[in-house]
Amino acid sequence: MAKIKAIRGMNDILPDQTPVWQYLETEVKRVLGSYGYSELRMPIVEQTDLFKRSIGEVTDIVEKEMYTFEDRNGDSLTLRPEGTASCVRACEEHGLIFNQVQRLWYMGPMFRHERPQKGRYRQFHQIGVETFGMQGPDIDAELIMMTARLWRSLGLDKAVKLHLNTLGSAQARARFRDDLVSYLSDHVDKLDADSQRRLTTNPLRILDSKDASTQVLLNEAPHFHDYIDDESREHFDHLCALLDSVGIDYEINARLVRGLDYYGKTVFEWITDQLGAQGTVCAGGRYDGLVEQLGGRATPAVGFAMGVERLVLLLETLQAVPDRVHQNVDVYAIAMDDESLEKMVAITECLRDETGLRIQLHCGGGSFKSQMKKADRSGARYALLMGEDERRSGVVTLKPLRESVEQKQVNGAALAGELVAIYAAEQE
RNA sequence: GUGGAUGUAGCUCAGUUGGCAGAGCUCCGGAUUGUGAUUCCGGCGGUCGUGGGUUCAAGCCCCAUCAUCCACCCCA
């Protein structure tokens, strides 16, 4: 019988990886908390139309990457390919953004049917942050400062760079797009194959083409700079000034275009050169039109999303994960025989109550030697040993595994106090 | 969706012009009646990705297929 394996592009996150994920999630929550953001949890399945209406009908995501299926009653449902649309839907549905300000975050799996490669999977995880009801660049700056703080706390700040751009108002962008398309359409023969296709799908992406002759052609093309509306210009300048004032470095990247239709004005990406082709580790921008587009009252909004797999990869590449993160046992307890084991079960239960330490009791038998081996490999700092000798004199042997200090026998009643003292000293 | 590379033990990988399926690590036991991370000895462990074909004989050659990785496209 053929073995059943995981679906292509959908990965198990194994026990040697989960500590890194937990570390990242904990740091993120801490930083978000320090700015007063609240968590929102949404379903991972939504009506297909939600994504069609928000992300844009002709984007790759909607055209060929969605996991869409029919519910038993015939409704078309889709596994969410991103979180913003769901977040807006949820907020709107529960009146969270009617006449009020919100600062929210969420975390969870997203699904896109793409060809997997490094840093890109069919089920991947995002931590998303969305804010509503604030139209000035102060909130844009807050989001960027918050991510910068996160990189610092994770030790990633040297490895990521901020790219910043403004897409202007929807009207300005539409005028630019029309002019760009009409100019390029006159020179279709000089465009590379991908860009010819993008002419109808996502013309702004052509600006980012790696093809040399396309880039030459673009020199003579309309420049977006000339199309930006005054309000967007002012918003962007103000944002830059705010970032300057807190010492955040950025690069203004006029070719930075987000793939999703709903973005306007501010867009930004944190990019690393450490991960190969998938270098964007966090990206977002302003989407003032989306709430209205989905049937709500016009509401300013800015947000971003981080790719958890990519951040985990980056942490590992840079070896930025502290050792303590992988250590999950403080004390490893060993018994020589059945009678000792029975006593040790009771002792370790007691110690968990009294010390709060992480105590692993050896189960499953095996020679004393192999139990010692496991104690060593558990990473525990101390082993507790109990055999006939200890039983007879009512003590437990406390053996240090990491430093050359003599092992000693401790009276059962004094054990908890002894351990607390030892591990408290370690904290300093 | 397109291109390239790779699939052999739980893991990392050898495997000669086609001729008995291998090593290191892990795991278990022993050298040491009760002391780990260094030694030494022994043991467990295989549908050689899958299905066809060529051959006296295929891990190796041919065809197909699946999966993984990397890149393109796109994106977090």
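Order of the sequence lines fixes the chain letters, A, B, ..., with proteins taken first and strands second; residue numbering starts at 1 for each chain.
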Inset, instruction - Using a heavy-atom cut-off of under 4.0 Å over every strand shown, decide if A:Gly279 touches base, sugar-phosphate, or nothing. - result: nothing
Legend entry - Whole-angstrom distance between B:C48 and B:G59, as gauged at atom P: 8 Å
Inset, instruction - Please work out if A:Ala283 contacts a base, only the sugar-phosphate, or nothing of the nucleic acid, heavy-atom cut-off 4.0 Å. - result: sugar-phosphate
Legend entry - Residue A:Arg115, side-chain heavy atoms: nucleotide from B:U2, B:C73, B:A67 that is nearest: B:U2
Inset, instruction - Report yes if the side chains of A:Val396 and A:Ile347 come closer than 4.5 Å at any heavy-atom pair, otherwise no. - result: yes
Inset, instruction - Just call it for A:Gly284: base, sugar-phosphate, or nothing, with non-hydrogen atoms closer than 4.0 Å on any strand. - result: nothing
Legend entry - Nearest-nucleotide pick for A:Arg310, side chain only, options being B:G34, B:C75, B:C28: B:C75
Legend entry - Which residue lies more 5' along RNA chain B, comparing A:Gln126 with A:His113 via nearest heavy atoms: A:His113
Legend entry - Residue A:Arg198, side-chain atoms from C-beta onward, closest of B:C73, B:C75, B:C27: B:C73
Legend entry - Min side-chain heavy-atom separation A:Glu251-A:Leu162 under 4.5 Å: no
Legend entry - Sugar-phosphate only, base, or nothing, as touched by A:Arg197 at under 4.0 Å among non-hydrogen atoms: sugar-phosphate
Inset, instruction - Give A:Gly276 one of three labels, base, sugar-phosphate or nothing, depending on what nucleic acid heavy atoms sit under 4.0 Å from its own. - result: sugar-phosphate
Legend entry - Validation row: A:Phe124, A:Val308 side chains within 4.5 angstrom (heavy atoms): no
Legend entry - With A:Val129, the side chain to side chain contact (heavy atoms under 4.5 Å, CB included) member among A:Leu104, A:Thr147, A:Leu143, A:Val28: A:Leu143
Inset, instruction - Take atom P in B:G51 and the same atom in B:C41, then report the distance between them in whole Å. - result: 39 Å
Inset, instruction - Calculate the interatomic distance between A:Ile7 atom CD1 and B:C66 atom C1'; express it in whole Å. - result: 13 Å
Inset, instruction - Flag this pair as yes if the NZ/CZ of A:Arg41 is under 6.0 angstrom from the six-membered ring centre of A:Tyr106 and inside a 45 degree cone about the axis; otherwise no. - result: no
Inset, instruction - Can you figure out which of B:G34, B:C74, B:C28 approaches the side chain of A:Glu65 most closely? - result: B:C74
Inset, instruction - Write down the distance between CD (A:Glu406) and C1' (B:U35), rounded to a whole number of angstrom. - result: 12 Å
Legend entry - base_contact_polar (B:U35 base, A:Lys399 side chain, donor-acceptor, <3.5 Å): yes
Inset, instruction - Give me the ring orientation class for A:His187 and A:Tyr183: parallel if the planes are under 30° apart, tilted from 30 to 60°, perpendicular past 60°. - result: tilted
Inset, instruction - Would you indicate what A:Lys64 reaches in the nucleic acid, counting non-hydrogen atoms under 4.0 angstrom: base, sugar-phosphate, or nothing? - result: nothing
Inset, instruction - Could you tell me whether A:Val281 contacts a base, only the sugar-phosphate backbone, or nothing, with contacts defined as non-hydrogen atoms closer than 4.0 Å? - result: sugar-phosphate
Inset, instruction - Check every strand shown and say whether A:Tyr332 touches a base, only sugar-phosphate, or nothing at a heavy-atom separation below 4.0 Å. - result: nothing
Legend entry - Residues, nucleotides or ligands: over 12 heavy atoms within 6.0 Å of A:Arg53 CZ: no
Legend entry - Integer angstrom distance from the C1' of B:A14 to that of B:U8: 10 Å
Inset, instruction - Report yes if a side-chain nitrogen or oxygen of A:Ser370 is closer than 4.0 Å to either non-bridging phosphate oxygen (OP1 or OP2) of B:G29; otherwise report no. - result: yes
Legend entry - Whole-Å distance separating the CD1 atom of A:Ile271 from the P atom of B:C74: 15 Å
Inset, instruction - Can you tell me, in whole Å, how much space there is between the C1' of B:U12 and that of B:U16? - result: 22 Å
Legend entry - Separation of atom CD in A:Gln117 from atom C1' in B:G1, rounded to whole Å: 13 Å
Legend entry - Proximity to the side chain of A:Arg120 - top-ranked nucleotide from B:G30, B:U68, B:C74: B:C74
Legend entry - Side chain proximity check, A:Trp270 to A:His163, heavy atoms < 4.5 angstrom: no
Legend entry - Selection from B:G30, B:U35, B:C74 that lies nearest to any side-chain heavy atom of A:Leu385: B:U35
Legend entry - Whole-angstrom distance between B:G24 and B:C61, as gauged at atom P: 27 Å
Inset, instruction - Please indicate whether A:Gln135 has more than 12 foreign heavy atoms, meaning atoms of other residues, nucleotides or ligands, lying under 6.0 Å from its CD. - result: no
Inset, instruction - From the options B:C73, B:G29, B:A37, select the nucleotide whose nearest atom is closest to the side chain of A:Asp376. - result: B:A37
Legend entry - Among A:Leu415, A:Val410, A:Leu361, side chain to side chain contact (heavy atoms under 4.5 Å, CB included) partner for A:Leu384: A:Leu415
Inset, instruction - Kindly point out which of B:C69, B:C73, B:C75 is positioned nearest to the side chain of A:Pro116? - result: B:C69
Inset, instruction - Between A:Arg112 and A:Ala6, name the one whose nearest nucleotide on RNA chain B is closer to the 5' end. - result: A:Ala6
Legend entry - Modelled atom types, side-chain donor and acceptor of A:Tyr287 and A:Glu130, under 3.5 Å: yes
Legend entry - Side chain of A:Asp194 - closest among B:C27, B:C72, B:A31: B:C72
Legend entry - Nucleotide nearest A:Thr280 (side chain, heavy atoms from C-beta), chosen from B:A76, B:G30, B:G36: B:A76
Legend entry - Sugar-phosphate, base or nothing in reach of A:Gln278, heavy atoms under 4.0 Å: base
Inset, instruction - Pick the P atom in B:C13 and in B:C69, then give their distance to the nearest Å. - result: 14 Å
Inset, instruction - Compare side-chain N and O positions of A:Arg377 against OP1 and OP2 of B:U26 and report whether any pair is under 4.0 Å apart. - result: yes
Legend entry - Interatomic distance, A:Arg205 CZ vs B:C72 P [rounded to whole Å]: 13 Å
Inset, instruction - Assess whether one donor atom and one acceptor atom, taken from the side chain of A:Gln371 and the base of B:U35, lie less than 3.5 Å apart. - result: no
Inset, instruction - Look at the side chain of A:Glu390 and the base of B:G34, then say whether one donor and one acceptor between them are separated by less than 3.5 Å. - result: yes
Legend entry - B:G46 to B:A9 separation - P atoms, rounded to the nearest Å: 10 Å
Legend entry - d(CD, A:Glu114; P, B:C69) in whole Å: 14 Å
Legend entry - Secondary-structure notation, RNA chain B, from Watson-Crick and G-U pairs under 3.5 angstrom (| other strand): (((((((..((((.....[..)))).(((((.......))))).....(((((..]....))))))))))))....
Legend entry - C1' gap between B:G3 and B:A76, integer Å: 24 Å
Legend entry - Atom pair distance, as rounded to whole Å: CG in A:Leu207 and C1' in B:C74: 16 Å
Legend entry - Rounded distance in Å - CE (A:Met306) to P (B:A76): 13 Å
